[in-house]
S.K.: 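Quick one: the structure is below, and I'll ask about it shortly.
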Amino acid sequence: MNVMIVDDEVLTRTNVKYILEAEIPAYTGTNSYMLCGEAGSGAEALEKLPVCRPDIVLSDMRMPGMNGLELCETLHKQYPHIQFIALSNYDDYEYVRGTLQNGAVDYLLKHHLYAKELSEALDKARERICGGGVPLSQLSGNNTAALRREFLLHLLTGFYTDSQEVDSRIRTLELPLASSRILPIAMCLDDYRSDSLRNNDLTNYSIINIVSEILSDQKNGVICYAEQGNYAILLSFAHTFSENAVSSVIHAALTRIRTCMSRFLNLSVSFSIGVLCPSFQQLPEAFQAVSEQLQNRFYQQPGGIVESFAPNTQADIFNYFNEEKENTLTFLVLAGDAAGVQEEIDDLFGYIRNARPPLPMAQMLFTDLLGVLNRICKQQALDMRDIYTDDVLPEKHLGEMSSLSSVHNWFSALFARLCAALQARTAHPVSIYVKQATAYIHAHFCEDISLASAAHEVNVTNVYLSRLFKQELGIGFNEYLMQVRIKRAQLLLQQGKLSLRQIAECCGFQDYTYFLKVFKKQSGVTPKEYQRSCLCNSPQ
């Protein structure tokens with residue numbers, strides 16, 4: 001059999017050639033396949049077909065120009081006698097579906113490509129060429145699990161049209177499934193994108209086995225791996241016509257699956273339930289619908305059944321998290337009010353969960369929130385490694401989180417570490433009275449407060465509270481109050497939105513002249529000079 005290799009990477013072509021020409025003959029003891037040509041793109045492969053005359057094409061999926069899927073479609077239409085085997089670095093269901101719909105023999109991952117796997121795929125292509133298809137009598141001698149997955153993926157991608165052929169393959173593969181009244185369910189791992197689960201064959205193997213065992217008890221369902229933490233579950237109700245009975249079976253199965261995933265594998269899974277299909281011909285469209293619906297799980301709590309809803313394109317989240325909100329969050333961080341910071345974070349994510357904006361819009365807001373955190377770190381000269389505890393880019397973390405809850409928890413942890421880092425740098429052993437008094441100052445600094453009002457608030461005498469401030473913080477009550485007010489004034493000056501008199505009033509200064517005097521004493525420059533300096537140093 002003549003084999004052509006199509007891949008834009010020379011290294012990959014070299015590796016496949018070595019397996020084809022050296023490892024497979026050593027593994028099988030025969031020279032059944034001969035390299036007849038190679039190409040770096042789909043277009044180049046089509047040009048070489050008349051000269052190379054391949055029986056089998058091994059092609060990469062992601063290539064510049066004409067990709068592997070387009071090449072597969074062209075071969076299927078113009079050269080149906082040529083068998084196609086897909087190669088890819090990506091376990092991508094869309095490519096799987098596209099190639100299988102166009103008659104591909106198999107779909108192999110490059111990082112799992114060895115002589116055995118490639119030889120079996122080539123043998124399968126040979127059988128199609130020589131016998132017009134893979135004889136059912138020979139299927140049982142191969143890897144049963146792989147053959148079942150291949151059949152189910154074919155079923156979900158609309159490859160089959162003959163009900164007798166489907167029934168025959170179901171019997172041969174001993175699947176507890178009927179070809180009528182089938183319900184598709186999409187299942188996904190809620191935290192699949194975490195590093196601990198990626199490329200974990202043992203995890204995937206365990207999931208398939210546990211779910212298969214649960215479904216075998218009901219004798220009406222199967223599961224197969226689709227792509228990247230996503231699975232397809234098919235339940236057939238050929239002899240069950242009561243809606244209540246169908247609902248009961250579904251509920252029992254999903255409850256057991258969810259419980260076992262949590263108990264034995266410490267995993268959370270979400271489901272999307274499709275419609276009952278009268279025959280297998282309706283499965284592809286129904287499964288595509290539940291797969292797309294699964295994207296909505298971002299706004300739902302992990303471990304549940306995903307509901308269908310349309311994102312709210314009118315959600316006004318940017319006006320909600322406006323400059324004032326950013327300034328409030330910044331001030332609370334700098335004031336060391338960790339509880340207040342957490343309250344602001346919770347309030348923001350509560351609004352997002354209720355508003356349910358389109359995901360790209362939410363991602364933009366998360367990026368803004370990261371910007372607030374990064375600006376504080378830069379201004380306070382903090383080591384970013386104390387806040388981000390790994391080497392993964394924050395934006396990459398955000399892009400990989402599959403639920404709003406995970407994003408919420410991540411930001412809560414980031415801002416908690418930020419507050420802790422600032423507090424550790426200026427930590428002093430303080431009594432409960434000083435803690436309560438400083439909290440009172442941060443909450444009411446814009447009002448006309450005094451040592452007397454703070455002492456009354458914490459239920460001690462003026463003299464005792466004043467002594468505590470000196471002993472524990474090294475400064476007096478009024479000096480601490482002035483520092484808080486000036487920090488707030490500096491933030492407002494950086495924004496450049498208010499006049500100096502308005503800033504003085506917002507920061508609790510009743511006397512404008514006194515504000516100018518205290519600001520210069522604390523900052524070393526006048527408010528105007530400070531603002532001018534900030535504007536000169538800000539990025540254009």
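As the structure is a computational prediction, the values presented were derived from the model and not from experiment. Residues: numbered from 1 along the sequence shown. Below, all heavy atoms of this structure are taken into account, side chains as well, without hydrogens, waters or symmetry copies.
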S.K.: Taking all non-hydrogen atoms of both residues into account, name the closest pair between A437 and V458 and its distance.
M.R.: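 Minimum heavy-atom contact is N-CG1, 3.7 Å.
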S.K.: Under the ring-ring contact (aromatic ring centres under 6.0 Å, His included) rule, what do F349 and F321 come out as? Steps first, then yes or no, please.
M.R.: CA-CA 10 Å; F349 278 88; F321 188 61; 9.5 Å; no
S.K.: Kindly write out the residues that satisfy salt bridge (charged side-chain N to carboxylate O under 4.0 Å, His left out) with D217, not counting sequence neighbours, or none if the list is empty.
M.R.: R256
S.K.: Can the ring centroids of F509 and F519 be said to lie less than 6.0 angstrom from one another?
M.R.: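 No: the rings miss the under 6.0 Å criterion.
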S.K.: Which residues pass the salt bridge (charged side-chain N to carboxylate O under 4.0 Å, His left out) test with D368, not counting sequence neighbours?
M.R.: none
S.K.: Would you find more than 12 non-hydrogen atoms of other residues, nucleotides or ligands less than 6.0 Å from E447 atom CD?
M.R.: yes
S.K.: So that I can tick it off, tell me whether K110 and D60 are bridged by a salt bridge, with the cut-off set at under 4.0 angstrom between side-chain N and carboxylate O.
M.R.: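 Judged by the 4.0 Å cut-off on N to carboxylate O distance, D60 and K110 do form a salt bridge.
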S.K.: Is atom CG of D511 surrounded by more than 12 heavy atoms (other residues, nucleotides or ligands) closer than 6.0 Å?
M.R.: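 Buried by this count: over 12 neighbours within 6.0 Å.
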S.K.: I'd like to know if the side chain of S216 and the backbone of E213 have a donor-acceptor N/O pair within less than 3.5 Å.
M.R.: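 Yes; at least one donor-acceptor contact below 3.5 Å.
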S.K.: Verify the neighbour count for atom CD of Q218: are there more than 12 heavy atoms of other residues, nucleotides or ligands below 6.0 Å?
M.R.: yes
S.K.: Specify whether Y433 and Y464 have parallel, tilted or perpendicular ring planes, treating 30° as the upper limit for parallel and 60° as the lower limit for perpendicular.
M.R.: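 Rings of Y433 and Y464: perpendicular, over 60°.
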S.K.: So, the side chain of T255 versus the backbone of A252: is there a donor-acceptor pair under 3.5 Å, distance only?
M.R.: no
S.K.: Keeping the roles fixed (side chain from S262, backbone from R258), state whether a donor-acceptor pair exists under 3.5 Å.
M.R.: no
S.K.: T157 side chain to L153 main-chain N or O, any donor-acceptor pair under 3.5 Å?
M.R.: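 Answer holds: yes.
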S.K.: If you count the non-hydrogen atoms of other residues, nucleotides and ligands that lie under 6.0 Å from CD in Q502, is the total more than 12?
M.R.: yes
S.K.: What is the minimum heavy-atom distance between Y299 and P357, and which atoms define it?
M.R.: OH-O, 2.5 Å
S.K.: Using a 3.5 Å distance criterion without hydrogens, assess whether the side chain of E472 forms a donor-acceptor pair with backbone atoms of S431.
M.R.: yes
S.K.: I need the minimum non-hydrogen distance between I207 and M261, along with the two atoms involved.
M.R.: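 It is CG1-SD, 4.0 Å.
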S.K.: What pair of heavy atoms forms the shortest contact from M61 to S88, and how long is it?
M.R.: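 That closest heavy-atom pairing would be CG-CB, 3.9 Å.
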S.K.: Would you please say whether a donor-acceptor pair under 3.5 Å links the side chains of Y530 and Q494?
M.R.: yes
S.K.: Which of these, L235, I305, I233, sits in a side-chain contact (heavy atoms from CB on, under 4.5 Å) with I250?
M.R.: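 Single pass found, and it is L235.
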S.K.: Quick check: does any side chain N or O of N354 sit under 3.5 Å from a backbone N or O of G350, one acting as donor and the other as acceptor?
M.R.: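 Pair found, side chain donor or acceptor close to backbone of G350.
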S.K.: Checking side chain to side chain contact (heavy atoms under 4.5 Å, CB included) for the pair F415/L329: CA distance, chi angles, key distance, verdict?
M.R.: CA-CA 10 Å; F415 275 93; L329 183 60; 3.9 Å; yes
S.K.: How about E323 and N327: does a side-chain donor come under 3.5 Å of a side-chain acceptor?
M.R.: no
S.K.: Does the cation-pi check pass for R488 over F331, that is, NZ or CZ under 6.0 Å from the six-membered ring centre and within 45° of its axis?
M.R.: yes
S.K.: Does any N or O in the side chain of R417 come within less than 3.5 Å of the main-chain N or O of Y388, such that one atom is a donor and the other an acceptor?
M.R.: no
S.K.: Going through the distances and angles, do N230 and S291 end up as a side chain to side chain contact (heavy atoms under 4.5 Å, CB included)?
M.R.: CA-CA 9 Å; N230 289 274; S291 297; over 6 Å; no
S.K.: What closest approach, in Å, do R353 and S405 show between heavy atoms, and which atom pair accounts for it?
M.R.: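 So the minimum-distance heavy-atom pair works out to NH2-OG, 3.2 Å.
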S.K.: Could you tell me whether the side chain of S270 and the main chain of G303 form a donor-acceptor pair under 3.5 Å?
M.R.: yes
S.K.: Looking only at heavy atoms, which two atoms of D346 and S412 are closest? And how far apart?
M.R.: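 Heavy atoms only, the tightest pair is OD1-OG, 4.5 Å.
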S.K.: To the nearest 0.5 Å, tell me how far S268 OG sits from L189 CG.
M.R.: 9.0 Å
S.K.: Any side-chain to backbone donor/acceptor pair from Q436 onto E457? Under 3.5 Å, distance only.
M.R.: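 Looks like no, no N/O pair under 3.5 Å.
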S.K.: Verify side chain to side chain contact (heavy atoms under 4.5 Å, CB included) between I223 and M187, making sure each step is shown before the conclusion.
M.R.: CA-CA 9 Å; I223 180 173; M187 181 183 87; 4.1 Å; yes
S.K.: Going through the checks in order, is the side chain to side chain contact (heavy atoms under 4.5 Å, CB included) test met by D190 and S403?
M.R.: CA-CA 7 Å; D190 291 318; S403 71; over 6 Å; no
S.K.: Checking H456 side chain against A452 main chain: does a donor-acceptor pair fall under 3.5 Å?
M.R.: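 Judged by distance alone, no pair lies under 3.5 Å.
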S.K.: Evaluate side-chain hydrogen bond (donor to acceptor under 3.5 Å, both in side chains) for T328 paired with E344, printing each intermediate quantity in order.
M.R.: CA-CA 8 Å; T328 299; E344 284 293 316; 5.6 Å; no
